[in-house]
Student: 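Before anything else, here's the structure in question.
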Amino acid sequence: MTTVPGVPPAKDLPDLVRRRLWELGMTVQEASRRARGTIAPEVLERLARSRGRAFISARLAGHLARALDVPENRVRRAADLPEVPDPREDVPTGPHLRLVHNQPAPEQAAGEA
């Protein structure tokens, strides 16, 4: 499993769903489209809102992994499902953070010159 320094691994499935939706800046509707409609937005919403354990079938794990853009075994570990051979297992899935620069507004920069 590839981890990102400073980002603890998901402790359960709802935590993984919430974290990845936030990291990707994605709505449940967008995640559902990414999974090619195999997971309804309402299911993703319910998973994200759950507190504690959430259960999914082994068949759903691959579709959920596609929706969250993570390796399937990451979803399977979070859901306490048996792992499968996965060629994407070592693909890093760290947060996709946006950098915000503190730049002066164009009119301020022109006034200072």
Side-chain angles (χ1 to χ4, degrees):
M1 171 172 87
T2 302
T3 59
V4 177
V7 178
K11 57 184 173 287
D12 55 25
L13 189 58
D15 183 45
L16 175 63
V17 173
R18 279 189 302 273
R19 177 177 292 164
R20 287 304 290 166
L21 289 174
W22 177 80
E23 287 174 351
L24 296 170
M26 189 181 303
T27 66
V28 292
Q29 288 80 13
E30 292 167 330
S32 177
R33 279 193 296 271
R34 180 180 277 233
R36 299 183 187 124
T38 55
I39 302 175
E42 296 80 13
V43 172
L44 290 166
E45 181 77 30
R46 200 172 312 126
L47 281 171
R49 287 187 179 197
S50 296
R51 294 289 174 210
R53 306 302 292 164
F55 301 98
I56 61 167
S57 69
R59 205 173 78 185
L60 191 61
H63 300 295
L64 185 56
R66 185 180 310 117
L68 300 175
D69 193 28
V70 296
E72 183 176 348
N73 281 331
R74 186 166 173 197
V75 171
R76 288 176 166 271
R77 278 189 294 272
D80 287 331
L81 293 170
E83 293 187 25
V84 295
D86 186 358
R88 292 189 60 214
E89 186 169 28
D90 293 327
V91 174
T93 57
H96 304 286
L97 302 177
R98 295 171 192 90
L99 296 178
V100 178
H101 296 281
N102 188 11
Q103 296 178 354
E107 60 275 358
Q108 288 177 338
E112 293 175 4

Student: Working to the nearest 0.5 angstrom, can you tell me the gap between Met26 CE and Leu68 CG?
Tutor: 8.0 Å
Student: Is the closest side-chain heavy-atom distance between Leu47 and Val28 below 4.5 Å?
Tutor: no
Student: Hey, are the side chains of Leu64 and Leu16 touching, using non-hydrogen atoms and a 4.5 Å cut-off?
Tutor: no
Student: CD/Glu72 to CZ/Arg66 distance, rounded to the nearest 0.5 angstrom?
Tutor: 9.5 Å
Student: Tell me whether Arg20 contacts the main-chain N or O of Ala65 through its side chain, where contact means a donor paired with an acceptor under 3.5 Å.
Tutor: no
Student: Quick one: side chains of residues 36-44, donor-acceptor pairs under 3.5 Å with protein atoms, not counting sequence neighbours, listed by atom name and distance.
Tutor:
unit_1	atom_1	unit_2	atom_2	d
Thr38	OG1	Ala35	O	2.7
Thr38	OG1	His63	ND1	3.3

Student: Donor-acceptor check, side chain of Asn73 to backbone of Pro85, threshold 3.5 angstrom: yes or no?
Tutor: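 No; judged by distance alone, with no hydrogens or angles, the pair does not exist.
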Student: Closest approach of Leu81 and Ala58, non-hydrogen atoms and distance?
Tutor: CD1-CA, 3.8 Å
Student: Quick one: closest heavy-atom pair of Ala61 and Ile56, and the distance?
Tutor: CA-CD1, 3.9 Å
Student: Give the minimum heavy-atom separation between Glu83 and Arg76, together with the two atoms involved.
Tutor: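 Heavy atoms only, the tightest pair is CA-CD, 4.1 Å.
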